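Atoms within each ligand, like the ligands themselves, are counted from 1 in listed order. What you see is a predicted model, and the numbers here were worked out from it, not measured in a lab. Atoms considered below: every heavy atom in the structure, side chains included; atoms not considered: hydrogens, waters and symmetry mates.
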Amino acid sequence: MAATPAGRAVKRLVVLVSGSGTNLQALLDEIERTGAEEYGARIVAVGADRTGVEGLARAERAGLPTFVCRVKDHGTRQEWDAALAEAVAAHRPDLVVSAGFMKIVGKEFLARFGGRFVNTHPALLPSFPGAHGVRDALAYGARVTGCTVHFVDDGVDTGPIIAQGVVEVRDEDDESALHERIKEVERRLLVEVVGRLARNGYRIEGRKVVIQ
Ligand code: GAR
């Protein structure tokens with residue numbers, strides 16, 4: 001088994017995507033740049049809840065195994081959740097990263113991956129949770145917004161916060177311009193946080209995440 005410079009095992013990451021996958025690409029690029037041993041982790045598979053997305057194409061170009069688990073292929077939401085958990089578990093991840101994965105996972109998934117399922121959200125939680133974090137911050141008239149990397153719990157974007165990045169809202173911003181500036185900060189933050197979690201280990205104490 002490969003080891004980090006500190007002699008620890010290189011962690012296995014499964015990344016979940018639903019869209020363009022630029023956060024996934026940032027992780028891939030950093031692991032390529034530093035080497036998995038130095039970074040502390042490598043991506044072992046990429047999953048999606050839909051076919052035909054650029055995130056999956058990025059994984060394929062990187063030579064990674066991919067899987068798709070669509071809600072509509074399952075009788076109930078619970079069955080979908082169990083199938084997703086099974087598909088992820090097949091790759092034996094240490095950490096699962098939701099990088100633009102636009103689905104709320106259920107009980108079975110959290111029973112297996114709770115405490116090691118990281119999400120990135122394009123707003124400063126607890127403000128503007130949900131599927132439209134950028135649009136909602138803009139509509140509210142917030143002067144600063146940003147991104148939050150957090151562990152997933154059974155609420156919508158309510159889990160313990162690991163790190164946040166701040167982005168100023170400009171008068172001329174529309175949703176797309178603001179989201180692009182948030183994503184520049186978000187990609188750097190996600191790469192930094194996942195690497196630190198993988199290399200250093202961490203513990204979750206109530207709402208606090210302590211990276212060792
Ligand atoms: C990211 O900004 C991520 O925070 C957001 O989707 C984008 C994915 O970009 N996720 C959510 O809004 C989840 N509620 P990417 O596909 O280019 O990485």
Taking distance alone, with no angle check, do [X] and ligand 1 share an N/O pair under 3.5 Å?
X    : answer
G21  : yes
H179 : yes
D157 : no

Determine yes or no for a side-chain-to-main-chain donor-acceptor pair under 3.5 angstrom, with T66 supplying the side chain and G47 the backbone. no

Can we say R188 and E184 salt-bridge, meaning some charged N sits less than 4.0 Å from an Asp/Glu carboxylate O? no

Assess the side chains of T4 and E37: does a donor N or O sit below 3.5 Å from an acceptor N or O? no

Proximal ligand 1 atoms for [X], defined as those under 4.0 Å from one of its heavy atoms:
X    : answer
N23  : 1 (C), 9 (O), 15 (P), 18 (O)
T120 : 3 (C), 4 (O), 10 (N)
S20  : 15 (P), 16 (O), 17 (O)
G130 : 14 (N)
G100 : 6 (O), 8 (C), 10 (N)

Proximity of Y202 and F151 rings by center, below 6.0 Å: yes

Please check if the distance between the ring centroids of F128 and H121 is under 6.0 Å. no

Protein contact of [atom] - nearest heavy atom, named by residue and atom, plus distance:
atom                    : result
atom 13 (C) of ligand 1 : M102 SD, 3.5 Å
atom 12 (O) of ligand 1 : P122 CD, 3.3 Å
atom 1 (C) of ligand 1  : E186 OE1, 3.3 Å

When you look at R61 and E54, which way does the salt bridge (Lys or Arg N to Asp or Glu O under 4.0 Å) test go after all the steps? CA-CA 10 Å; R61 288 198 292 273; E54 181 60 19; 2.8 Å; yes

Give the single entry among K103, K183, E180 that approaches atom 9 (O) of ligand 1 most closely by any heavy atom. K183

So if I apply the side-chain contact (heavy atoms from CB on, under 4.5 Å) rule between F117 and each of V97, V105, V88, which one comes out positive? V105

Drop me the distance from E168's CD to D171's CG, to the nearest 0.5 angstrom. 10.5 Å

